[in-house]
Amino acid sequence: MGGRFLGKVERLTHVIDARGQALGRIASKAANLLMGKHKPLYDPSVNCADNVVVQNAQDVVLTGNKLKQKLYRHHTGYMGGLVEKQAKDVMRDTPERVVELAVSGMLPKNAMRRQRMRHLQIFKQEPC
């Protein structure tokens with residue numbers, strides 16, 4: 001084991017209220033907390049992610065014309081099965097997915113991304 005990290009990771013819970021904030025600003029703040037870059041013991045090879053709770057995902061703001069122009073694509077697995085949805089449709093159906101994809105896109109593309117995403121909770125509204 002070649003890392004410089006020795007010890008146990010202490011995880012805190014950070015709550016982010018997404019009401020009226022831009023999607024990218026929320027996603028970058030959550031990604032930094034999930035990576036643990038704010039900790040003095042930061043090590044890229046260790047999952048030292050804090051727990052992040054994002055509330056009011058339905059009230060997140062997309063600036064400019066992104067509601068009409070931004071497309072979310074996935075493939076069904078069948079031939080010709082590329083499905084495209086506009087951001088306004090995804091926001092109407094599952095606003096949590098929009099925030100989740102934005103945060104996931106801001107994390108490093110390696111084996112740690114899935115482990116870090118487990119520490120992210122997204123709620124459409126404030127949980128009661």
Side-chain angles (χ1 to χ4, degrees):
M1 306 257 303
R4 66 177 185 263
F5 184 84
L6 297 172
K8 190 170 181 169
V9 177
E10 186 175 325
R11 300 190 193 282
L12 302 174
T13 300
H14 301 274
V15 179
I16 300 174
D17 188 11
R19 182 175 285 135
Q21 295 189 37
L23 175 63
R25 292 185 184 268
I26 294 168
S28 64
K29 184 187 289 187
N32 277 331
L33 291 171
L34 288 173
M35 284 188 283
K37 284 197 160 190
H38 63 288
K39 294 185 175 185
L41 297 176
Y42 171 69
D43 186 3
S45 64
V46 175
N47 184 10
C48 52
D50 281 348
N51 297 316
V52 178
V53 178
V54 179
Q55 297 176 347
N56 299 315
Q58 66 185 6
D59 298 328
V60 73
V61 176
L62 291 174
T63 57
N65 291 326
K66 291 189 194 97
L67 277 175
K68 294 179 227 162
Q69 293 177 353
K70 186 169 177 64
L71 296 175
Y72 289 93
R73 298 181 177 103
H74 75 276
H75 203 282
T76 62
Y78 290 97
M79 290 181 7
L82 182 65
V83 178
E84 291 183 345
K85 286 186 178 181
Q86 288 183 337
K88 66 178 180 180
D89 298 329
V90 180
M91 284 292 291
R92 183 186 62 231
D93 298 338
T94 55
E96 306 94 354
R97 187 79 178 134
V98 173
V99 177
E100 181 182 352
L101 288 172
V103 173
S104 176
M106 292 193 181
L107 290 174
K109 280 65 173 177
N110 56 24
M112 298 292 289
R113 177 162 52 171
R114 188 172 296 133
Q115 293 177 18
R116 289 175 174 150
M117 286 298 290
R118 288 188 191 128
H119 295 281
L120 176 68
Q121 293 180 335
I122 304 170
F123 295 104
K124 190 174 185 176
Q125 300 170 343
E126 282 191 43
C128 296

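The figures here come from the full heavy-atom set of this structure, side chains too, leaving out hydrogens, waters and symmetry mates.
- When all heavy atoms of N56 and A18 are compared, the pair lying nearest together is O-CB, 3.6 Å.
- Side chains of Y72 and V98 form a contact here, defined as non-hydrogen atoms less than 4.5 Å apart.
- Taking R73 as the reference, E84 meet the side-chain hydrogen bond (donor to acceptor under 3.5 Å, both in side chains) condition, with sequence neighbours excluded.
- S104 contributes no side-chain N or O that, together with a main-chain N or O of E100, makes up a donor-acceptor pair within less than 3.5 Å.
- I26 and L62 end up in the same hydrophobic cluster when Ile, Leu, Val, Met, Phe, Trp and Tyr side chains are linked at under 4.5 Å.
- Separation of atoms NE2 (H119) and SG (C48) is listed at 9.5 Å; rounding is to 0.5 Å.
- Note that CD of E96 and CD of Q125 are 9.5 Å apart. Values are rounded to the nearest 0.5 Å.
- Using a 4.5 Å cut-off on side-chain heavy atoms (C-beta onward), H14 and H38 make contact.
- Following chains of ILVMFWY side-chain contacts shorter than 4.5 Å, one can reach L101 starting from V90, so the two form part of one hydrophobic cluster.
- Shown here for Q21 and D17, the closest heavy-atom pair between the two residues is NE2-O, 2.8 Å.
- Within the 3.5 Å criterion, the main-chain N or O of K68 finds a donor-acceptor partner in the side chain of Q86.
- Residues I16 and M117 share a single hydrophobic cluster, defined by chaining ILVMFWY side chains whose heavy atoms lie under 4.5 Å apart.
- At least one side-chain heavy atom of M35 sits under 4.5 Å from a side-chain heavy atom of P108.
- A search for side chain to side chain contact (heavy atoms under 4.5 Å, CB included) contacts involving R25 returns A22, not counting sequence neighbours.
- Of the inter-residue distances, the one linking H74 atom NE2 with L82 atom CG reads 8.5 Å to the nearest 0.5 angstrom.
- Residues V60 and M91 have side chains in contact (heavy-atom distance under 4.5 Å, counting atoms from C-beta outward).
- The structure places NZ of K124 at 15.0 Å from CZ of R97, a figure rounded to the nearest 0.5 Å.
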D93 vs K85, side-chain contact (heavy atoms from CB on, under 4.5 Å): CA-CA, chis, key distance, verdict: CA-CA 11 Å; D93 298 338; K85 286 186 178 181; 4.1 Å; yes

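- Between T13 and the choices V52, L33, D50, N51, the side-chain contact (heavy atoms from CB on, under 4.5 Å) rule is met once, by N51.
- Under the 4.5 Å side-chain criterion, counting only non-hydrogen atoms from C-beta, R116 is in contact with N47.
- A 4.5 Å side-chain heavy-atom check between R113 and K109 finds at least one atom pair inside the cut-off.
- Annotation for K39: atom NZ counts as buried by contact number, over 12 foreign heavy atoms lying within 6.0 Å.
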